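Sequence lines set the chain letters: A, B, ... in the order given, protein chains first and strands last, and positions in each chain run from 1. Please read these numbers as outputs of a predicted model, since none were measured by experiment.
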Amino acid sequence: MPWRLLKYGLKSSHDEPRFFPESRPLKSHYDVVIIGGGGHGMACAYYLAKEHGITNVAVLEQGYIGGGNTGRNTTIVRSNYLTPEGVKFYDTSLKLFEDLSDDFDLNIFYSTRGHFTLAHTDSALRTMRWRAEVNKHHGIDSEVVDRDFIAKEVPYMDLDCAGHSPVMGALYHAPGAVARHDAVAWGYARGAYNRGVEIHQRTRVTGIRTQGDKVTGVETDRGFVSCNKVVSMVAGSTPRITSMLGLDTPIEIFPLQACVSEPVKPFMDTIVVSGSLHVYVSQSSRGEMVMGASVDPSVLHSTRSSFDFVEGLTDKMIDLFPFMSRMKVMRQWAGMSDITPDFAPIMGKTPIEGFYLDAGWGTWGFKATPVSGKTMAWTLANDRNHELIEPFRLSRFTDFDLVGEKGAASVGH
Amino acid sequence: MKVFDCPVIGRRPISEFDYVGEVRKPPMDADEASWAAYVFNRQGAPGLLREWWYHRPTGRWYVMERDTLKDEVVRFIDLEEVRYDIPA
Ligand SMILES: Cc1cc2nc3c(=O)[nH]c(=O)nc-3n(C[C@H](O)[C@H](O)[C@H](O)COP(=O)(O)OP(=O)(O)OC[C@H]3O[C@@H](n4cnc5c(N)ncnc54)[C@H](O)[C@@H]3O)c2cc1C
C-alpha cells in the first residue's frame with residue numbers, strides 16, 4: 001500500500017507538491033532526447049535514469065504530459081496475445097504493472113478484473129483455442145470457457161445477443177486488468193524528474209539534424225539542441241517524425257474512438273470484448289461504462305469524434321447488454337492510432353545511426369508502457385535491440401519476418 | 001453522416017463505401033527491398049493521399065484524392081491517371 005495514504009489519510013490538509021517544475025531553458029546538449037511525453041516517453045526516461053544511470057536526458061512534449069493516446073485509451077492491460085513474441089513481451093509488461101504503485105509511491109488504481117473475449121462463430125472459437133494453447137505454453141492464465149461459465153461471471157449479458165449472433169464461448173484471461181492511465185504517465189514522469197531527467201512540455205520537435213547517416217540534434221520551436229541519440233515515442237504522430245528523416249515505414253494513422261456513459265453503481269467487474277461485434281466494455285472505478293470499438297474506416301490525422309461511431313457502437317452494445325439502452329453517453333473522444341500491417345509494434349534501431357523508434361502501438365500500446373520504456377532504455381544504453389523487442393524491429397518488413405498479431409490485437413486492445 | 005460528392009453517382013453516404021487504401025504502383029522488375037517497400041510501406045504523414053474506395057451498391061471502384069489532415073476530398077481522379085501496364 002502506498003505510504004502516503006497512511007501519512008496523509010488522517011490529516012485534514014497538506015500541500016500537494018508539483019510533480020515537475022514549470023518550464024525552464026533548454027540545455028544546448030543532451031545525451032538522449034526523447035520525443036513525446038506520453039507514457040512510453042516517460043517510462044523510457046525513468047528506466048534510463050534508474051537502471052542505466054543516464055540522466056542527461058530531455059523529454060520534449062509538444063503539448064502536456066499524457067495528452068496524447070496515453071490519456072485517451074480505455075486502459076485494458078492483458079497478455080493473452082497470439083504470437084509467442086507478443087505473449088512474452090506483454091506478459092513482462094503486465095508483471096511490471098502489478099508493482100508500479102509501490103515503485104512510484106503513487107496509486108495507479110491497478111485493478112485485476114478478468115478479461116473475456118467472446119466468440120460468436122466457429123472460426124472465432126478456433127482462434128481462441130489457438131491463443132489459449134500459446135498462452136498456456138508460456139505460463140499465462142488463459143483458457144477457453146463455455147456459455148455456462150460466462151453466464152455465471154457476466155450474468156447481466158444477453159448470451160443470445162438478441163438472437164443475432166449467439167455467444168458460443170469465450171477466451172478467459174483472469175489477469176486482465178484496468179489502470180489509471182494518467183497516473184502511469186505522471187508516476188514515470190515524477191520518478192524520471194527526481195532522478196535528474198528534464199521534462200519540457202509545450203516544446204515541439206520540428207526537425208531532426210543529421211550528418212551523413214548519423215543524428216546530431218533536433219530542431220524545436222524553442223531552438224536547436226544537439227544530442228547523440230534521439231528516440232521517437234509519439235504514437236499517432238510517428239509518420240510526421242519519420243518523414244523528417246525521409247524514413248519510410250508501414251505505419252498508417254487511423255482514428256480510434258471511445259466513449260463513457262454516465263456513472264452508475266458498480267455492477268460489472270469484468271472486461272468484455274467481442275471481436276465479431278467490434279465492441280468492448282468495462283466499468284471504471286467511477287462507475288462509468290467505458291466503451292470502444294475498432295478504428296475508423298479510413299486514414300485520418302485528427303482527433304475529431306463522430307456520431308457514426310456512437311451510433312454503430314451502441315447498436316451492438318445494446319444487443320449484448322439490453323438494459324444499457326436506458327443509459328446516456330456522457331463523453332466521447334478519439335486518439336490517432338499508429339497501425340502496422342501485422343498489428344505488432346515497431347521498436348529499436350533504424351538505418352539512421354542514433355535514431356530509435358518506438359511506434360506502431362495502434363490500439364494496444366497502453367499495456368506495453370512499462371515494458372517498452374524498459375526495453376527501449378536498455379536499447380538506447382547498449383545501442384543494441386533488447387532481445388524482447390528484436391522480433392519487432394523495423395527491418396522485419398524487408399526480411400519478410402512479420403509478427404502476425406492481428407487475431408489478438410485488432411479489437412481486443 | 002459524411003457524404004461523398006461523386007461525379008458519377010452523385011452525393012452518397014460514406015457508409016456505402018469500403019476503404020481500400022493508398023494507391024500504389026508496383027515496381028515490376030525490381031529487387032526484394034523495393035518489393036518489400038511497395039508491399040508494406042505507406043505515405044503515413046498527413047497530406048494529399050490518393051486512395052481506392054469501393055462503392056458496394058453499384059460495385060464501382062473510385063480513386064479519390066483526399067486531404068488526410070482535414071478529411072476533405074479534393075478531387076475524384078480519372079482512372080487513366082493511375083493506370084499502368086502489366087508486362088506481358
Ligand atoms: C480510444 C483509444 C483506446 C485505447 N485503448 C487501449 C487499451 O484499452 N489498452 C491498450 O493497451 N492500449 C489502448 N490504446 C492504445 C494506447 O493508448 C497507445 O498505444 C499508447 O497510449 C501510446 O502511448 P505513447 O506514450 O507511445 O503515445 P502518446 O501517449 O500518444 O504520446 C505521444 C506524445 O508525443 C507528443 N508529440 C507528438 N509529436 C511531437 C513533436 N513533434 N514534438 C514533441 N512532442 C510530440 C504528443 O503530444 C503526445 O503527447 C487506445 C488508444 C485509443 C486512442
Side-chain angles (χ1 to χ4, degrees), chain A residues 232 234-255 294-312 315 334 336-344 346 351 357 359-360 362 394-404, chain B residues 1-6 11-27 30-57 60-77 82:
Chain A
S232 171
V234 298
S237 299
T238 302
R240 303 184 203 211
I241 299 290
T242 49
S243 66
M244 292 172 186
L245 290 160
L247 185 66
D248 288 332
T249 77
I251 293 172
E252 285 185 294
I253 307 302
F254 291 85
S294 33
V295 294
D296 284 7
S298 52
V299 166
L300 187 62
H301 299 262
S302 163
T303 53
R304 64 98 183 88
S305 52
S306 67
F307 178 69
D308 293 4
F309 159 73
V310 191
E311 195 182 32
D315 179 39
M336 295 188 291
S337 299
D338 39 336
I339 303 282
T340 57
D342 55 358
F343 289 72
I346 297 178
L357 255 184
L394 176 60
S395 59
R396 74 175 181 272
F397 297 100
T398 33
D399 299 344
F400 298 101
D401 189 15
L402 274 60
V403 188
Chain B
M1 172 162 305
K2 203 175 158 49
V3 167
F4 284 143
D5 199 2
C6 174
R11 288 170 64 79
R12 308 300 313 171
I14 186 175
S15 57
E16 290 184 358
F17 290 81
D18 284 337
Y19 182 69
V20 191
E22 189 172 317
V23 174
R24 294 179 70 80
K25 194 172 162 210
D31 58 5
E32 286 204 346
S34 315
W35 269 102
Y38 160 71
V39 172
F40 297 115
N41 287 348
R42 294 292 179 266
Q43 181 176 312
L48 288 186
L49 187 65
R50 282 186 176 191
E51 45 198 19
W52 287 105
W53 291 80
Y54 175 69
H55 187 242
R56 280 191 309 277
R60 266 176 174 270
W61 292 79
Y62 294 96
V63 173
M64 302 184 205
E65 201 162 68
R66 196 169 56 100
D67 180 331
T68 58
L69 202 56
K70 299 191 200 134
D71 199 13
E72 280 169 13
V73 176
V74 178
R75 63 184 181 115
F76 276 72
I77 297 209
V82 296

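In this structure, the side chain of B/R66 does not engage the main chain of A/L300 through any donor-acceptor pair within 3.5 Å.
In terms of non-hydrogen atom pairs under 4.5 Å with chain A, the most contact-rich of B/D67, B/D71, B/T68 is B/T68.
Listed here is the closest heavy atom pair of A/R240 and B/L69: NH2-CD1, 4.0 Å. When all heavy atoms are compared, the tightest approach of B/A45 to A/P239 is N-CB, 3.4 Å. Heavy-atom minimum distance, A/P297 versus B/Y19: O-CD2, 3.1 Å. Minimum heavy-atom separation, B/F40 to A/P341: CD2-CG, 4.1 Å.
With contacts defined as side-chain heavy-atom distances shorter than 4.5 Å, the pair A/S298/B/F17 does not qualify. Side-chain contact check for A/V299 versus B/R42: every heavy-atom pair is 4.5 Å or farther apart.
Under a cut-off of 6.0 angstrom, the local environment of CZ in B/R60 is sparse, with at most 12 non-hydrogen atoms contributed by other residues, nucleotides or ligands.
For chain B, the nearby part of A/F254 is the side chain; its heavy atoms alone come within less than 4.5 Å. Both the backbone and the side chain of A/F397 come within less than 4.5 Å of a heavy atom in chain B. Only the side chain of A/L402 comes within contact range of chain B, judged by heavy atoms closer than 4.5 Å. Only the side chain of A/S302 comes within contact range of chain B, judged by heavy atoms closer than 4.5 Å.
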